[in-house]
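Heads up: the structure comes next, in structure tokens.
Both ligands and their constituent atoms are indexed starting at 1 by order of listing.
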Amino acid sequence: MIPKIEKAPTSEIKSFQEDQLKLLLTYLNKHSVFYKRMFNKHNININDINTLEDLTTIPTTSKDDLQQYNNDFICVPKKEIIDYVTTSGTLGEPVTFALTDNDLKRLAYNEAISFACAGINEDDIIQLMTTIDRRFMAGLAYFLGARELGAGIIRVGNGIPELQWDSILKFKPTYIIVVPSFLLKLIEYAQQNNIDVNASGIKGAICIGESLRNEDFSLNLLATKIKKTWDIELYSTYASTEMNTAFTECEQQQGGHHHPELIIIEILNDEDKPVQEGETGELTITSLGVEAMPLLRFKTGDVVKAHSDACSCGRNTVRLSPVLGRKKQMIKYKGTTLYPPAMHNVLNHFNNIDTYIIEIYQNDIGTDEILLKISAPQPTDTLLQEIKDHFRAKLRVLPKIEFHDKSVIQKLQFPKLSRKPMMVIDKRK
Ligand SMILES: [Zn+2]
């Protein structure tokens, strides 16, 4: 189930996207208060925008724009809206995302082709280990996608290893959708309860929220740890509410495939200019076919690299690297550029760490400092030394490290109304 456009020559994909872009600009110019105002303010005549290159003459849209002018982005009357979701905004207040009936159909299509990309078909049963409610988009998208594909789905929700295993043994799902570090919890529970993970019938896991791979697509420590005990295929999927679109790995596992019928992507440098091929930059998206809240040149804040060499799965579309970090969380530390995921990777190496939080702040002279607050059952000097050595070996820099009580760290991880644990606190201005 590979959509025809995804196997087309790149020139055909480009002209297809340019046609879609023109439709979008006409739509925004008619229905979007925010973009109409922006076109006027910057004297943009949408008839002058004909190619993907022309797109770069339009200013980008930021997360702050979305938050400040939230309602001005909604292009449909209220009665057309079916589903409301929210994301955490950068300025504190959550940002509302609205979806029409057609948007939900588009979301179902998006997730169905993403599942198909990872080799799932109508004979499979998927166990959903993420939240489907609490104003999240992802869980609902997975449900709709499974339905569109004709696959079975078991909505267990997140956490509770006992209930997850009960469902796996009872319904025999073939795939699971999961935050990869939770797989370690499932393995632990299985080991304690004499369940053979490799006889469970699970073929693969669609992994969200955390990276599985290093920049060269080799498995990172977390994924290596999982595969050592549980021999299943691990597929990364990367998505966000704002994009309404997922980038999921195919069986080659060489980055998440771009679906050109759903989204236009740009990789931009600090000056909002496209980076050279193969360079890292901020993923910037223009959503296609969205009715309620289409976005034009929206800066996601995620730093990625695009790969455009051919993929042997037959799709002729760009693949995105693992997210290397959040643009805003880039740390300049002792001459090294660093993102929190690299530190997660170092810390995941240790079985004898309970949990941790990374604090980033500025010192008196205005440069970045990193403080790791770690909780461990046995916070010994030996462990501290091992952690330090591992940081020096892997990242060549050593942040400040403190041991704290688990309860202290958990309190920091779950501020008011937070739906998922925060692993990073950025206190810089
Ligand atoms: Zn592929």
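Ion pairing of Arg37 with Asp72 is present here, as a side-chain N (NZ or NE/NH1/NH2) and a carboxylate O approach within less than 4.0 Å.
With Phe143 as the aromatic partner, Arg155 meets the cation-pi criteria of under 6.0 angstrom to the ring centre and within 45 degrees of the ring axis.
Taking 4.5 Å as the limit, every side-chain heavy atom of Lys105 sits out of range of all side-chain heavy atoms of Glu148.
Partner of Phe34 under the ring pair (Phe, Tyr, Trp, His ring centres under 6.0 Å) criterion, out of Phe39, Phe73, Phe298: Phe73 alone.
Inside a sphere of radius 2.8 Å centred on the Zn ion (ligand 1), the protein N/O/S atoms present are Cys250 SG, His257 NE2, Cys311 SG, Cys313 SG.
For residues 221-234, there are no salt bridge (Lys or Arg N to Asp or Glu O under 4.0 Å) pairs, not counting sequence neighbours.
A centroid separation of less than 6.0 Å is found between the aromatic rings of Phe350 and His390.
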